[in-house]
Protein chains: 2
Amino acid sequence: MTEATRREKVRAETERDIRRQARALLVAHGRDAVTLRAIARELGITAPALYRYYDSREDLLNHLCEDICRDLDAELSAALTELPDAPAPAQVFAVCREFRRWALAHPQEFALVFASTDTTVPCAAGGGRVDEQFGRVFLEVAAKLVASDPAPAPHAADVPAELHDDLRYYQQILIAAVADKGGRVDESVLHLGAIHHILQSWVRLYGHVALEVFGRFPFAVSNPEPMFDLMLTQMIGEMGVTA
Amino acid sequence: MTEATRREKVRAETERDIRRQARALLVAHGRDAVTLRAIARELGITAPALYRYYDSREDLLNHLCEDICRDLDAELSAALTELPDAPAPAQVFAVCREFRRWALAHPQEFALVFASTDTTVPCAAGGGRVDEQFGRVFLEVAAKLVASDPAPAPHAADVPAELHDDLRYYQQILIAAVADKGGRVDESVLHLGAIHHILQSWVRLYGHVALEVFGRFPFAVSNPEPMFDLMLTQMIGEMGVTA
DNA sequence: GAACTTAGTGAACGGTGTTTACCGAGTTGG
DNA sequence: CCAACTCGGTAAACACCGTTCACTAAGTTC
């Protein structure tokens, strides 16, 4: 069997090498530096050989995106499994802080995956499946937090009717995702107001992190971390649980 | 005098032409398409001639950023002056909606100015001056809104001590900015809690708009506009004024 | 009108993505 | 075992790119 797949084996290996080199170039010198010729040079082959593995540079970048999403997902999941028995608010806190830490440590990857007009992120919106998605861990743990709240959140009826369809659709997706993980949520608990609040939390989490990564706060914040933590505290507090 | 500046005149004109073409390329085909050779081709000159105007492509892109910031600023100001006597909440609402409208209509410009790791935005954070800054109009009008609120905002003491220095610094900048416009704000009205809330509003505004421009909402929102409006309503409502 | 400044040129260098024809080793079937 | 076939890799070529340099010609200044 080893002999039968020998060629496939070396193929898979060089494919990994290609992406590893591409990733290294991205990290070191940014997206524009991810060059087919540079990758090939580093691997000791020629650029056209890469076309045996990817249709184009664009295609390679898309696959790179997927890799990055997978890695981010793994890191977030790891941060979560480090405190399996912690209360839901603490878990949300941990996942969010890990997301910020990762983004600041990997600005080029963050920019490619989360702030690119041209790159179609396969693991992002569109599929509808919450699995294989960048915000998966955050959204799941946020849903769990809301679900763990016995009291109904305050602003449930504030959601305008125009949003009901979209939110209901996403509600089903989230409920299914939590169910897959062994949890059980009711529609009355994870109501549309709660769904909207989870989305708003994603807006704030993404907003802060992106502003920090790109340095677009209106003034130079000497230490953004307490500001981030304060935002999380307020965010989680507003989810209904008295953190 | 006309003859004395004749050369300068044509120089200024071609300089404008260069940026106009660069802008057109950016809009049409994205940042990577903004090519010295393509610009020159469109202008009927050769690429090296552009070096008489800009040190490098990077330099040109930075100047392009400034242009874009100026344009955005003008559009936001125009939206504001269209309702000069409107109550402060309505003004904030209008400026925010205009920002979203502009970003969605100019995704490439938005990406260049607001979500770029390499481009040092001269009109963004750093200078400390609120003038010549991207968020200027939003931040000023938000400050005005908070200032117009007679009642002290609820969460003034929640801000942790670590943030005081940064917020106090920005408080002075904002007060000075409002004062320049003829307004008058007191430190007790535009207190640190209010400053923090303005920053949080910027986080949410930026977060939503960027997520929409880059298509990074966790699921496909069929019509994001009511969601945006809802966010604004909540945001403005939390500023203390009963919108 | 001489001296000087300056916008623009053309050629060149090294880099890029991509296509094409080709080769040679790995695999497969008779 | 050998012919047929698959497939990863190559070299050459094309059309781009940013950037530098020597040079020209027109505008400006004295």
Side-chain angles (χ1 to χ4, degrees), chain A residues 1-26 28-65 108 112 116 118-120, chain B residues 1-26 28-65 108 112 116 118-120:
Chain A
M1 194 57 68
T2 312
E3 206 164 19
T5 56
R6 181 170 140 200
R7 189 143 69 170
E8 297 172 10
K9 222 166 148 186
V10 45
R11 180 185 172 87
E13 193 168 336
T14 63
E15 192 165 346
R16 277 207 323 276
D17 286 349
I18 292 171
R19 299 208 213 176
R20 191 155 42 80
Q21 283 299 339
R23 189 79 168 270
L25 286 168
L26 175 67
H29 304 107
R31 184 194 165 123
D32 291 351
V34 182
T35 278
L36 295 187
R37 290 189 132 102
I39 297 168
R41 209 180 300 133
E42 218 73 32
L43 262 58
I45 60 177
T46 60
L50 296 176
Y51 283 82
R52 301 290 177 191
Y53 297 87
Y54 302 98
D55 289 341
S56 64
R57 175 174 181 264
E58 191 64 21
D59 186 37
L60 171 62
L61 283 175
N62 282 337
H63 281 85
L64 211 56
C65 266
Q108 305 288 0
L112 181 66
S116 172
D118 28 39
T119 312
T120 310
Chain B
M1 192 59 68
T2 312
E3 206 164 17
T5 56
R6 180 167 141 205
R7 189 144 67 171
E8 297 174 11
K9 222 166 150 186
V10 45
R11 179 185 174 87
E13 194 168 334
T14 62
E15 191 164 347
R16 277 206 322 274
D17 286 349
I18 291 172
R19 299 208 214 178
R20 191 156 41 80
Q21 283 299 340
R23 189 78 167 271
L25 286 168
L26 175 67
H29 304 108
R31 183 195 164 123
D32 290 352
V34 182
T35 276
L36 295 187
R37 289 188 133 104
I39 297 169
R41 207 180 301 132
E42 218 73 31
L43 261 58
I45 59 178
T46 60
L50 296 177
Y51 282 83
R52 301 289 176 190
Y53 298 87
Y54 302 97
D55 288 341
S56 64
R57 176 175 181 264
E58 190 64 22
D59 186 36
L60 171 62
L61 283 175
N62 281 337
H63 281 85
L64 211 57
C65 265
Q108 304 289 2
L112 182 65
S116 172
D118 27 41
T119 312
T120 309

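Order of the sequence lines sets the chain letters (A, B, ...), proteins ahead of strands, with each chain counted from 1.
- One interatomic measurement links the two molecules: CZ of A:Arg57 to C1' of D:dC16, which rounds to 14 Å at whole-angstrom precision.
- For D:dG8, the base has no donor-acceptor partner in the side chain of A:Arg7 [N/O atoms by modelled type, under 3.5 angstrom].
- Between the CG atom of A:Leu50 and the P atom of C:dT18 there is a distance of 10 Å, given to the nearest Å.
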Between B:His63 and B:Asp59, does a side chain to side chain contact (heavy atoms under 4.5 Å, CB included) hold up when you go through it step by step?
CA-CA 6 Å; B:His63 281 85; B:Asp59 186 36; 3.2 Å; yes
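- Regarding contacts with the backbone of C:dA7, a side-chain N or O of B:Arg11 is found under 4.0 angstrom from either OP1 or OP2.
- If you measure from atom CD of A:Glu58 to atom P of C:dT16, you get 18 Å, rounded to the nearest angstrom.
- Atom CZ in B:Arg52 sits about 11 Å away from atom C1' in D:dT20, given to the nearest Å.
- Here A:Glu13 does not pair with A:Lys9 in a salt bridge; the nearest charged N to carboxylate O distance is not below 4.0 Å.
- The nearest whole Å value for the distance from the CG atom in B:Leu36 to the P atom in D:dG18 is 4 Å.
- With a 4.5 Å cut-off on side-chain heavy atoms, A:Arg20 and A:Asp17 count as touching.
- Interatomic distance, CD1 of A:Ile18 versus OH of A:Tyr53, reported as 5.5 Å (0.5 Å rounding).
- A donor-acceptor contact under 3.5 Å links the side chain of A:Arg37 to the base of C:dG17.
- With no hydrogens or angles considered, no side-chain donor-acceptor pair links A:Arg57 and A:Tyr51 at under 3.5 Å.
- Nearer the 5' end of DNA chain C, as judged by each residue's closest nucleotide, is the contact made by B:Ala47, out of A:Ala38 and B:Ala47.
- Atom CD of A:Glu8 and atom P of D:dG8 are 10 Å apart (whole Å).
- Contact check, A:Arg41 against C:dT16: a side-chain N or O comes under 4.0 Å of OP1 or OP2.
- Look at B:Tyr53 and you'll find a side-chain N or O under 4.0 angstrom from OP1 or OP2 of C:dG8.
- C:dT6 atom P lies 18 Å from atom CD1 of B:Ile45, rounded to whole Å.
- OP1 or OP2 of D:dT10 lies within a sub-4.0 Å distance of a side-chain N or O belonging to A:Thr46.
- Distance OH (A:Tyr51) to C1' (D:dT10): 15 Å, rounded to an integer number of Å.
- A sub-4.0 Å separation between OP1 or OP2 of D:dG18 and a side-chain N or O of B:Thr35 is present.
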